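To keep things clear, I will list the structure first and then write my remarks on it.
Chain A is the first sequence line, chain B the second, and so forth, proteins listed ahead of strands; every chain is numbered from 1. The shown structure was predicted, so the numbers you read here are calculated from the model rather than taken from an experiment.
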Protein chains: 2
Amino acid sequence: MTEIAKTSEPHQRTRGDHATETAEDYVEAIADILESQEACRVTDLAKRFAVSHVTVHRIIRRLQDEGLVVTKPYQPIHLPPKGKRLAARCRERHTIVYRFLLAIGVDEATAAIDAEGMEHHVSAATLARFRELAGPG
Amino acid sequence: MTEIAKTSEPHQRTRGDHATETAEDYVEAIADILESQEACRVTDLAKRFAVSHVTVHRIIRRLQDEGLVVTKPYQPIHLPPKGKRLAARCRERHTIVYRFLLAIGVDEATAAIDAEGMEHHVSAATLARFRELAGPG
DNA sequence: TCGCGATTGTAGCATTTGCTACAGTTGCGT
DNA sequence: ACGCAACTGTAGCAAATGCTACAATCGCGA
Ligand SMILES: [Mn+2]
Ligand SMILES: [Mn+2]
Ligand SMILES: [Mn+2]
Ligand SMILES: [Mn+2]
């Protein structure tokens, strides 16, 4: 039989991507912040994402339940090994998407914006092509 | 002063993209379906997106409130001019993203999946570069 | 015409992510 | 030592999107 792609499959994948997107952006942001300052606090993330501290607080609690971050009441936020690994993977992917956009001639500001959304929907296969075309880091 | 990109701007843009994503995918799907059959019904969309008919029903009602689709109780779904225009724009963008992925060597199944998610985060500037690199249709 | 299967609609629930308002905690400077 | 400002946490709300269960409607074949 001819290969009829199930029309629902891309949409199911996209929904799945969105379900993990918040976790990815948060651990990546925490890793970033911890490289430029000694502690990552709820307010740092609230500024970074331009959302209220309440939204950040609730999401951090959920990520802690999932084992991706560690924190205690009134204490800064840390990344356990599981969170560090995810952050490293996401940063790598994010960087490749960003550098790829630059490589094809997109300006830096636009590349930064588009990469932030696109990264979560780039499969391993596409990322491999992006990496080749992005050239040396 | 040096141009320090506001770190929150990419995230704000991504949230905005997600807010319009459902409308875009729905009108695009309705236009697609109306090209291969005479009527588009709630069940057609439920199959296409692999969600329950209830989810589709509610979203269609909201899109009708926004003037993007037209329907009446127990009747098929139509696209008014506003919906047709959005559908055409989205399909064009979707096609370019898909063809661009093929052009850089991604296989068809993967390109279909990645394009479905990526399309909503591709700016006009990036789309222009994709169009060039995708080659003749 | 009538009835049954398919379709559409409604009720009610869960989760995620956004918000404001308010309350509790911390720690720094005086 | 203490008081105030910043930070953190809680309460309660809204909107979007997912679900199941059930009810109503439609239309086609017998
Ligand atoms: Mn992102
Ligand atoms: Mn996204
Ligand atoms: Mn899409
Ligand atoms: Mn997306």
Restricting both atoms to N or O, compile the protein contacts to nucleotides 11-14 of chain D shorter than 3.5 Å, with distance only.
none

Contacts under 3.5 Å, N or O only, protein and nucleotides 25-27 of chain D:
from: dT25(D); atom 1: O4'; to: Tyr74(B); atom 2: OH; distance (Å): 3.1

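The salt bridge (Lys or Arg N to Asp or Glu O under 4.0 Å) analysis of residues 56-71 of chain A, with sequence neighbours excluded, yields the pairs Arg62(A)-Glu66(A). Pairs of residues two or more places apart, or lying in two chains, that qualify as salt bridge (Lys or Arg N to Asp or Glu O under 4.0 Å) and include a residue from residues 9-19 of chain B are Glu9(B)-Arg13(B).
Nucleotide dA16(D) holds its P atom 14 Å from the CD1 atom of Ile60(B), rounded to whole Å. One atom, CD1 of Ile77(B), and another, C1' of dG9(C), lie 13 Å apart when rounded to the nearest Å. Atom CZ in Arg62(A) sits about 18 Å away from atom P in dA14(C), given to the nearest Å. Between Asp44(A) atom CG and dA6(D) atom P there is a gap of 15 Å when expressed in whole angstrom units. Rounded to whole Å, atom P of dA6(D) lies 11 Å from atom NZ of Lys47(A). Taking atom CG of Asp65(A) as the reference point, atom C1' of dT15(C) lies 14 Å away to the nearest angstrom. One atom, CG of Leu68(B), and another, C1' of dA16(D), lie 16 Å apart when rounded to the nearest Å. We find that CD of Gln12(A) is positioned 11 Å from P of dG18(D), with the value rounded to whole Å.
Contacts of Glu35(B) classified as salt bridge (Lys or Arg N to Asp or Glu O under 4.0 Å), with partners at least two apart in sequence or in another chain: Arg91(B). Qualifying salt bridge (Lys or Arg N to Asp or Glu O under 4.0 Å) partners for Arg41(B), counting only residues two or more places apart in sequence or in other chains: none. Every residue two or more places apart in sequence or in another chain that forms a salt bridge (Lys or Arg N to Asp or Glu O under 4.0 Å) with Glu24(B) is listed here: Arg93(B). Every residue meeting the side-chain hydrogen bond (donor to acceptor under 3.5 Å, both in side chains) condition with His94(B), not counting sequence neighbours, appears here in chain and number order: Glu28(B), Glu119(B). Listed by chain and number, the residues in a salt bridge (Lys or Arg N to Asp or Glu O under 4.0 Å) with Glu108(B) amount to none (sequence neighbours excluded).
In terms of heavy-atom proximity, Leu79(A) sits nearest to Leu68(A) at CD2-O, 3.6 Å.
Across all strands shown, Ser52(B) has heavy atoms under 4.0 Å from base atoms, whether or not it also approaches the sugar-phosphate. Nucleic acid contact class of Thr55(B) (heavy atoms, under 4.0 Å, all strands): base.
In this structure, the aromatic ring of His57(B) is not positioned over the six-membered ring of the base of dT8(C) within 5.5 Å between centres and 30° between planes. For dT8(C), the base is stacked against the aromatic ring of His53(B), per a cut-off of 5.5 Å between centres and 30° between planes.
When the side-chain nitrogen and oxygen atoms of Thr43(B) are compared with OP1 and OP2 of dA6(C), none of them lie within a distance under 4.0 Å.
A residue-by-residue look at Ala23(A) and Val42(B) shows that Val42(B) has its nearest nucleotide of DNA chain C further toward the 5' end. Nearest-nucleotide assignment on DNA chain D puts the 5′-proximal partner with Thr71(A), out of Thr71(A) and Arg15(A).
Of the listed nucleotides (dT8(D), dA16(D), dT17(C)), dT17(C) has the atom at the smallest distance from the side chain of Ile59(A).
Judged purely by distance below 3.5 Å, without hydrogens or angles, the side chains of His120(B) and His18(B) never pair a donor atom with an acceptor atom.
Residue Gln75(B) places its CD atom among more than 12 non-hydrogen atoms of other residues, nucleotides or ligands, all under 6.0 Å distant.
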